[in-house]
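Throughout, a chain's letter reflects where its sequence line sits, starting with A, and its residues are numbered from 1.
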Protein chains: 2
Amino acid sequence: MADRSARPGGRSSRVLTAIYTSVGELVGEGADKLSFPVIAERAGVNPTTLYRRWPDVHALLEEVAVAALTRDGETVPDTGSLEQDLIEWANIIARDISRPERARYLRAMVSARVELVESCPVTERRREQAAEMVRRAGDRGERTPTVQQILDHVVAPLYYNVIFALPVDPDRAPRLVRDVLAMVR
Amino acid sequence: MADRSARPGGRSSRVLTAIYTSVGELVGEGADKLSFPVIAERAGVNPTTLYRRWPDVHALLEEVAVAALTRDGETVPDTGSLEQDLIEWANIIARDISRPERARYLRAMVSARVELVESCPVTERRREQAAEMVRRAGDRGERTPTVQQILDHVVAPLYYNVIFALPVDPDRAPRLVRDVLAMVR
């Protein structure tokens, strides 16, 4: 992962944004063979910047894919009810991952990972968001499913649609949320 | 899809098996650019056989991936209890999709699908299997989740692990089954 502390503002932030955007453009154009020189040229930076920051092009691709599949800085809904929070959150995920370029990022991610990984930044980001909503609901005295249940039964089925390129119908997110809440009723 | 009626026994079955196996080998070897001539050479068949049967190499790749991700002819467990049936079935899926070559097939599948599809043979195969277990449980008078709930809450979370290359712990399948059954209790 790139050093996130270097991101807000300043030159290194602008460089990183240019690199991410260029990878996104190239992936979007269906570029098959991405290399550091090709990305550097598009981003208008020196290739050594890339060689220094990432061990190989797959690592960079995966990092961009993770960012695209989670949207850093997303705020978590806070409506006063876990059911409403989860429905809004699931709708955001559904809308977000239904965009056509998501399949390309997902492909980039699958192809970067041939060996098992211990944890995945996409999952960890979703886990933090779910934990925040569950904690707030617990504070209000609501019965809640576990964070893992929310990942398994709301997040995973939504990503399933993207992998298999199945359309997401508008009722899908609320239905998954009602299902996971029915587990603890 | 290839004509399945031509598969059991006979010359066309042997040819198809050779083609499938060759694609599997080439994908397994990490071949990046599969083409009909390359596959035909490995399978020892005439390239025209491939050009006649599939519109393009992606269609063939996807067909092999579907076969690899579902295992045609799998029998569905019949233990006399839906919970046990689902646990055995989920364990088979978990074991099957944890094999390292699955990620490669999944990648082949994701890359073959850039546009949304109306239905996916992997999902449809799992749907038929789930429907069979649910029907039998209904006949025994058991309360059952819907077939769609089994797909969303047992199958999808298992495939999620494959996409993101996360290991499947041995308790995962039974836990997902207990969750989906808790929805109807």
**Message:** Going by ring-ring contact (aromatic ring centres under 6.0 Å, His included), name the pairs with one or both residues in residues 125-155 of chain B, residues two or more places apart or in two chains.
**Reply:** A:His153-B:His153
**Request:** List in chain and number order the residues that pass side-chain hydrogen bond (donor to acceptor under 3.5 Å, both in side chains) with A:Thr79, two or more places apart in sequence or in another chain; answer none if no residue qualifies.
**Result:** A:Asp85
**Message:** Quick check: under 4.5 Å, non-hydrogen atoms only, which of residues 175-185 of chain B neighbour chain A?
**Reply:** B:Arg175, B:Leu176, B:Asp179, B:Ala182, B:Met183
**Asked** So how far is it from A:Asp152 CG to B:Asn161 CG, rounded to the nearest 0.5 Å?
**Response** 8.0 Å
**Request:** Would you mind reporting whether B:Tyr159 and A:Phe164 have side-chain heavy atoms less than 4.5 Å apart?
**Result:** yes
**Neighbours of chain B found in residues 135-151 of chain A - heavy atoms under 4.5 Å** = A:Gln148, A:Gln149
**Prompt:** What are the two closest non-hydrogen atoms of B:Ala156 and A:Pro157, and how far apart are they?
**Reply:** CB-CA, 3.6 Å
